[in-house]
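Here it is, the structure, as structure tokens.
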There are 2 protein chains.
Amino acid sequence: MKDLPALPPDHEANVLHPLCPSRLVLAHLTSRWGALILVALEGRTLRFSQLRRALGNVSERMLAQTLQGLETDGMVRRVAHDVVPPHVDYSLTPMGEEAAGLVKGLARWVEGRLPEIMALRAARG
Amino acid sequence: MKDLPALPPDHEANVLHPLCPSRLVLAHLTSRWGALILVALEGRTLRFSQLRRALGNVSERMLAQTLQGLETDGMVRRVAHDVVPPHVDYSLTPMGEEAAGLVKGLARWVEGRLPEIMALRAARG
DNA sequence: AGAAGTACATACATTTTGGTAAGTATAATT
DNA sequence: AATTATACTTACCAAAATGTATGTACTTCT
């Protein structure tokens with residue numbers, strides 16, 4: 001995940017553009033694992049390895065990286081207990097819960113349209 | 001953009017997962033240029049080169065590719081007039097308009113939260 | 001006559017993303 | 001004594017995404 005560049009002067013025109021800050025945050029929310037993490041954490045707290053198992057097959061590298069991106073965006077809250085072996089809890093901030101809801105909404109909409117979409121593909125493809 | 005794989009038997013668990021069909025459609029909608037195209041075409045028809053100018057700096061390659069992905073998903077309608085020089089109109093299907101609305105909603109939400117997010121970054125970073 | 005505009009396709013190069021494997025410190029378990 | 005579990009990091013490599021350059025076929029503008 002990248003750092004956010006400063007807002008360009010002509011902000012209005014660049015909304016959603018690849019180099020626009022909002023675009024990068026959106027990318028974090030909808031990234032390969034970002035969306036999954038948001039949905040997995042909705043309403044509950046999970047530890048690193050629990051989350052990993054919940055998502056099925058994320059590499060530790062990507063899970064850590066994606067979580068950090070969401071954390072610096074203020075979507076995820078990380079609480080580390082200083083014990084051995086390590087114990088770290090991840091949960092969503094209020095803003096993160098909102099984001100999760102929106103992403104889930106989009107996902108649900110896509111799922112609802114999937115039969116239609118796949119039928120189109122089958123017909124034309 | 002990839003072809004959609006068949007739905008795996010344990011569909012419920014894989015929703016949004018990287019290899020799930022719905023995930024790929026979502027990826028098309030939120031891809032670097034996909035989101036921009038949806039918003040740019042909302043409620044209007046544009047030709048290839050108009051769209052290109054509207055988006056600012058897409059390469060022809062990416063514009064064509066992304067449009068094709070959205071077209072096979074049934075989001076974009078392509079109408080080619082058989083004249084020389086070529087003239088091709090792009091617009092959103094009803095489903096595409098819905099998708100555009102949702103994506104725009106997400107984008108707006110992110111923009112609304114941007115000050116908060118950037119303040120967090122500035123404070124912690 | 002030469003250049004520009006149109007909507008792409010294709011080959012090639014580069015950038016970005018993601019995975020794999022290994023390392024870290026320490027306690028509990030076998 | 002070796003293994004397992006935890007939550008990561010780092011180096012390295014393969015794969016995917018994206019950009020660049022070029023070609024096409026024909027017409028209009030200069």
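As the structure is a prediction and not an experimental result, all values here were calculated from the model. Just so we're on the same page: letters track the sequence lines, and every chain starts at 1. The analysis underlying the following values was restricted to heavy atoms, covering all of them including side chains, and did not include hydrogens, waters or symmetry mates.
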Given C/dT26, C/dG19, D/dT6, identify the nucleotide with an atom nearest to the side chain of A/S49.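 My answer, after comparing the listed nucleotides, is D/dT6.
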Which of these, A/L106, A/D73, A/L24, A/L70, sits in a side chain to side chain contact (heavy atoms under 4.5 Å, CB included) with A/L29?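 Testing each of A/L106, A/D73, A/L24, A/L70 against A/L29, the sole residue satisfying side chain to side chain contact (heavy atoms under 4.5 Å, CB included) is A/L70.
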Distance, rounded to the nearest Å, where B/L55 contributes CG and D/dT18 contributes C1':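 For the pair B/L55 CG and D/dT18 C1', the rounded distance is 15 Å.
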Separation of atom CD in A/Q50 from atom P in D/dC8, rounded to whole Å: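 The distance from CD of A/Q50 to P of D/dC8 comes to 13 Å, rounded to the nearest Å.
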Evaluate the side-chain proximity of A/Y90 to A/I37: yes if any heavy-atom separation is below 4.5 Å, no if none is.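 Not in contact.
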Any idea which of C/dT26, C/dG19, D/dG19 is nearest the B/M62 side chain?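 Shortest atom-to-atom distance from the side chain points to D/dG19.
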For A/P86 and A/R47, which heavy atoms make the closest approach, and how far apart are they?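 Looking at all heavy atoms of both residues, the shortest contact is O-NH2, 3.5 Å.
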Whole angstrom value for the distance that separates C1' of C/dG18 from CG of A/L67: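 Going from A/L67 (CG) to C/dG18 (C1'), I get 16 Å.
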Map A/V58 and A/P86 onto DNA chain C by nearest heavy atom, then report which one ends up closer to the 5' terminus.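 It is A/V58 whose nearest nucleotide is closer to the 5' end.
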Using the closest heavy atom to pick a nucleotide of DNA chain D for each, name whichever of B/N57 or A/R78 lands nearer the 5' end.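 Nearer the 5' end of the strand: A/R78.
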Nearest-Å distance for atom pair CG/P, residues B/L46 and C/dT6: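 Answer to the nearest Å: 13 Å.
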Of B/Y90 and A/S59, the one whose closest DNA chain C nucleotide lies more 5':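 Result: B/Y90.
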Distance, rounded to the nearest Å, where B/Q68 contributes CD and C/dA7 contributes P: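 So the CD-P distance, B/Q68 to C/dA7, works out to 14 Å.
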Give me the atom names and distance for the closest heavy-atom approach of A/R77 to A/T93.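 Distance-wise, the nearest heavy atoms are NH2-CA, 4.0 Å.
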So which nucleotide from C/dT6, C/dG19, D/dT18 ends up closest to the side chain of A/R32?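 Between C/dT6, C/dG19, D/dT18, the one nearest the side chain of A/R32 would be C/dG19.
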Are A/I117 and B/M75 side-chain neighbours, meaning at least one heavy-atom pair lies under 4.5 Å?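 They are in side-chain contact.
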Among D/dC26, C/dT6, D/dA7, find the nucleotide with the atom closest to the side chain of A/R47.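 Between D/dC26, C/dT6, D/dA7, the one nearest the side chain of A/R47 would be D/dA7.
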What's the CZ-C1' distance between B/R52 and C/dG5, to the nearest Å?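 Between C1' of C/dG5 and CZ of B/R52: 12 Å.
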Proximal nucleotide (of D/dC8, C/dT20, C/dC12) relative to the A/R61 side chain: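 Selected nucleotide: C/dT20.
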Find the distance B/D82:CG to D/dA25:C1' and express it as a whole number of Å.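 In whole Å, D/dA25 C1' and B/D82 CG are 12 Å from each other.
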Can you identify which nucleotide, out of C/dA7, D/dT18, D/dA7, has its nearest atom closest to the B/F48 side chain?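 The closest nucleotide is C/dA7.
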OP1, OP2 of C/dT6 versus side-chain N and O of B/R53: anything below 4.0 Å?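 Indeed, a polar side-chain atom of B/R53 lies that close.
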To the nearest Å, how far apart are B/E60 CD and C/dA11 C1'?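 Between C1' of C/dA11 and CD of B/E60: 15 Å.
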